[in-house]
Amino acid sequence: MPDLDRMEAIVSLAKQRGFIFPSAEIYGGFRSTYDYGPLGVLMLRNVRDAWWNFMVQQRANVVGIEAAILSSPKIWEASGHLAGFTDPLVDCRKCGSRWREDQIEGVCPNCGSTDLTEARDFNLMFRTFVGPVADDASVAYLRPETAQGMFVNFPLVQRALRLKPPFGIAQLGKSFRNEITPGNFVFRTREFDQMEMEFFTPPELADRYFQYWVSERYEWYRTLGIPADELRLRPHDPDELSHYSKGTVDIEYLFPWGFGELEGIANRGTYDLNAHATYSGADMTYFDPQTNARYLPSVIEPAGGVTRAMMAFLLSAFDRDEVGGEERTVLRLSPLLAPYTVAVLPLSRKPELQGVADSVFSSLAMAFSCDFDVTQSIGRRYRRQDEIGTPFCVTVDFDTLDDKAVTVRDRDTTAQVRVPINEVVSYLQQQLASTSRPIATSFG
Ligand code: GAP
């Protein structure tokens with residue numbers, strides 16, 4: 001199990017090595033907000049790409065969209081978010097701090113007082129004004145989920161691509177929630193990245209597709225490196241279901257403080273299409289020309305968080321072992337997720353190595369995410385690459401000038417092999433071909 005020490009080590013490594021920084025640190029930070037540094041953006045891209053590849057690219061019946069973050073407030077009226085996207089909030093009368101009632105069991109975590117106000121509903125959506133006048137007519141909200149972009153665009157996407165249910169619409173992007181108690185690093189933040197897909201199916205297939213997507217999504221996390229004993233599936237009790245859901249299964253990860261949600265797979269039935277049809281007056285049905293039937297498709301939704309998944313991948317990958325009698329820290333990230341696939345390390349700064357090292361870097365960088373490091377001893381540089389999860393290091397040394405070959409070192413085994421420069425790209429491609437990749441399975 002990832003323990004609290006591992007959590008501390010990851011938070012520290014993330015900051016020291018440029019994955020995740022506290023936002024606005026020079027001003028003392030900003031309320032559990034984080035910025036993603038050079039390695040963080042590379043890894044975030046990899047998480048998004050792994051999701052997109054598995055959910056969209058590998059499937060003929062799933063397409064993508066990118067909807068606006070700020071759009072009509074009528075969307076949130078219809079979706080139920082304006083009325084119901086709330087957390088119960090209490091104030092401590094002694095110290096004035098504010099908490100989520102369901103998280104504190106009647107005692108203020110700040111001062112220990114039990115003198116708390118009655119709970120009141122607090123809407124989690126961020127409100128803003130669109131245009132130059134800040135009045136009721138110009139109120140808009142930052143989207144609290146990407147999902148509604150798929151629902152409101154359902155008729156346009158369906159017609160534009162002449163899609164027939166079952167089909168899915170997928171989206172990656174930022175969502176915003178004014179969380180009362182953000183925390184646990186990037187587990188719960190007010191601004192975060194979601195990866196969501198709405199799968200529109202004939203109602204009679206909804207239950208089977210629900211099971212199908214639970215299993216697909218579970219395997220995605222497993223294949224990208226999360227061990228089975230750090231994952232579990234948890235069906236929601238009927239009283240904890242969201243207002244739109246007929247059934248939800250959470251994929252939970254064993255965070256250092258216990259199991260927590262990574263992703264929810266919900267059977268949303270016809271709730272959303274129905275609501276938007278009612279509020280907008282638009283026809284949200286699908287007409288099947290083969291059967292002449294017109295119906296509202298049911299929706300199965302796998303909804304995950306990119307930033308939360310990244311944190312889980314980092315925690316699971318963190319390891320310490322011994323190499324050559326020395327302890328090393330190593331991130332055993334899937335090569336699909338590691339910020340850099342390969343690092344080029346010239347043995348010395350001597351000018352005669354420079355040209356050849358530059359040209360090795362240029363040819364590798366065409367094919368892979370590639371780092372270049374010429375500082376400190378080669379041993380220290382290997383450790384630095386291990387610590388950020390780089391699967392391969394390519395060392396350019398003085399023999400390279402004669403034999404036109406480089407040394408390729410493997411992160412996990414630390415084994416080294418000599419490979420001709422003109423074969424190093426294909427050698428690495430071959431090594432990477434054995435990496436486990438999430439593969440879409442067919443429904444049936
Ligand atoms: N459309 C359904 C929906 O948004 P959700 O369970 O509220 O469902 C889906 O969110 C996923 O988004 C969660 O499983 C989590 O991974 C991520 N997520 C939600 N709120 C978050 C927050 N405040 N910070 C980071 N990730 C969050």
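What you are looking at is a predicted structure, and each value in this text was computed from that prediction instead of being measured.
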Audit row: Y221, F313, side-chain contact (heavy atoms from CB on, under 4.5 Å) steps and yes/no:
CA-CA 9 Å; Y221 290 102; F313 289 128; 4.1 Å; yes

Determine, stepwise, if the pair S316 / Y253 fulfils side-chain hydrogen bond (donor to acceptor under 3.5 Å, both in side chains).
CA-CA 10 Å; S316 283; Y253 176 69; 2.8 Å; yes

Should I378 and L347 be marked as a side-chain contact (heavy atoms from CB on, under 4.5 Å) after you check the CA-CA gap, both sets of side-chain angles, and the distance that decides it?
CA-CA 6 Å; I378 193 71; L347 194 64; 4.1 Å; yes

Evaluation steps, side-chain contact (heavy atoms from CB on, under 4.5 Å), between Q385 and R409:
CA-CA 11 Å; Q385 295 299 331; R409 172 187 179 271; 5.8 Å; no

Run V396 and F361 through side-chain contact (heavy atoms from CB on, under 4.5 Å) and show every step you take.
CA-CA 10 Å; V396 178; F361 176 84; over 6 Å; no

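Looking at heavy atoms from C-beta onward, V299 lies out of side-chain contact with Y271 at the 4.5 angstrom threshold. By the 4.5 Å heavy-atom criterion applied to side chains, T270 and K246 are not counted as neighbours. Residues F255 and N184 have side chains not in contact (no heavy-atom distance under 4.5 Å, counting atoms from C-beta outward). Between I265 and F210, the closest side-chain pair of non-hydrogen atoms falls below 4.5 Å. Side-chain contact between R98 and F122: absent, with no pair of heavy atoms (C-beta onward) separated by less than 4.5 Å. At a threshold of 4.5 Å between non-hydrogen side-chain atoms, the residues L163 and F200 do not count as touching. Residues L70 and L142 form a side-chain contact, since some pair of their non-hydrogen atoms from C-beta on lies under 4.5 Å apart. In this structure the side chain of E387 never reaches within 4.5 angstrom of the side chain of Q16, judged on heavy atoms.
No donor-acceptor distance shorter than 3.5 angstrom exists from the side chain of Q171 to the backbone of G149, with no hydrogens or angles considered. Under the 3.5 Å distance criterion, the side-chain polar atoms of S215 are left unmatched by any main-chain donor or acceptor of Q211. The main-chain N or O of L331 is found under 3.5 Å from a side-chain atom of R411 such that the two form a donor-acceptor pair. In this structure, the side chain of R6 engages the main chain of L315 through a donor-acceptor pair within 3.5 Å. Within the 3.5 Å criterion, the main-chain N or O of P144 finds no donor-acceptor partner in the side chain of W76. Judged purely by atom type and a 3.5 angstrom limit, T33 has no side-chain atom pairing as donor or acceptor with the backbone of G29. S242 contributes no side-chain N or O that, together with a main-chain N or O of S245, makes up a donor-acceptor pair within less than 3.5 Å. Within the 3.5 Å criterion, the main-chain N or O of P438 finds a donor-acceptor partner in the side chain of Q58. Of the possible donor and acceptor atoms, none in the side chain of D371 sits under 3.5 Å from a partner among the backbone N and O of A343. In this structure a side-chain-to-backbone donor-acceptor pair under 3.5 Å is missing from R308 to R188.
More than 12 heavy atoms of other residues, nucleotides or ligands sit less than 6.0 Å from atom CZ of R234. F129 CZ: more than 12 foreign heavy atoms inside a 6.0 Å radius. Annotation: K174, atom NZ; neighbour count of heavy atoms from other residues, nucleotides and ligands within 6.0 Å is above 12. No more than 12 heavy atoms of other residues, nucleotides or ligands lie within 6.0 Å of CG in D136, so this atom counts as exposed by the packing criterion. E8 CD: 12 or fewer foreign heavy atoms inside a 6.0 Å radius.
Remark: T248 OG1 to E240 CD distance equals 8.5 Å, nearest 0.5 Å. Rounding to the nearest 0.5 Å gives a distance of 9.0 Å between CD1 of I169 and CZ of F151. Distance CD/E219 to CG/L224: 11.0 Å, rounded to 0.5 Å. Note that OH of Y36 is 16.0 Å distant from CZ of R45, once rounded to the nearest 0.5 Å. Here the CD1 atom belonging to I439 is positioned 10.5 Å from the CD atom belonging to E216, to the nearest 0.5 angstrom. Expressed to the nearest 0.5 Å, how far CD of E301 lies from CD of E263 amounts to 9.0 Å.
Considering L262, V249, I251 in turn, I251 is the only one that fulfils the side chain to side chain contact (heavy atoms under 4.5 Å, CB included) rule with R217. Considering E196, E198, E66 as possible partners of T146, the one that fulfils the side-chain hydrogen bond (donor to acceptor under 3.5 Å, both in side chains) test is E196.
Evaluation of the salt bridge (Lys or Arg N to Asp or Glu O under 4.0 Å) rule for R143 yields no partner, not counting sequence neighbours. F185 is linked by a ring-ring contact (aromatic ring centres under 6.0 Å, His included) to Y34, counting only residues two or more places apart in sequence or in another chain. Every salt bridge (Lys or Arg N to Asp or Glu O under 4.0 Å) that D319 has, sequence neighbours left out, goes to R332.
Between V344 and L364, the closest heavy-atom pair is CG2-CD1, 3.6 Å. Listed here is the closest heavy atom pair of L432 and R437: O-NH2, 3.6 Å. Residues L353 and S348 approach most closely at CD1-N, 3.6 Å, considering heavy atoms. Minimum heavy-atom separation, D35 to A24: OD2-N, 4.0 Å. Taking every heavy atom of both residues into account, N123 and L82 meet most closely at ND2-O, 3.0 Å. Across all their heavy atoms, R381 and V374 have their closest contact at NH1-CA, 3.6 Å.
Looking only at atom types and distance, the side chain of D373 has a donor-acceptor partner in the side chain of T375 under 3.5 Å away. For T395 and Y382, the side-chain atoms include at least one donor-acceptor pair closer than 3.5 Å.
Note on ring orientation: taking the six-membered ring where Trp is involved, the planes of F154 and F167 are parallel (angle under 30°, cut-offs 30° and 60°).
A ring-centre distance under 6.0 Å is found for F187 and W257.
A cation-pi arrangement, defined by a distance under 6.0 Å to the six-membered ring centre and an angle within 45 degrees of its axis, is absent between R48 and W51. Remark: R232 is positioned above the aromatic ring of F259, its terminal NZ or CZ atom under 6.0 angstrom from the ring centre and at most 45 degrees off the axis.
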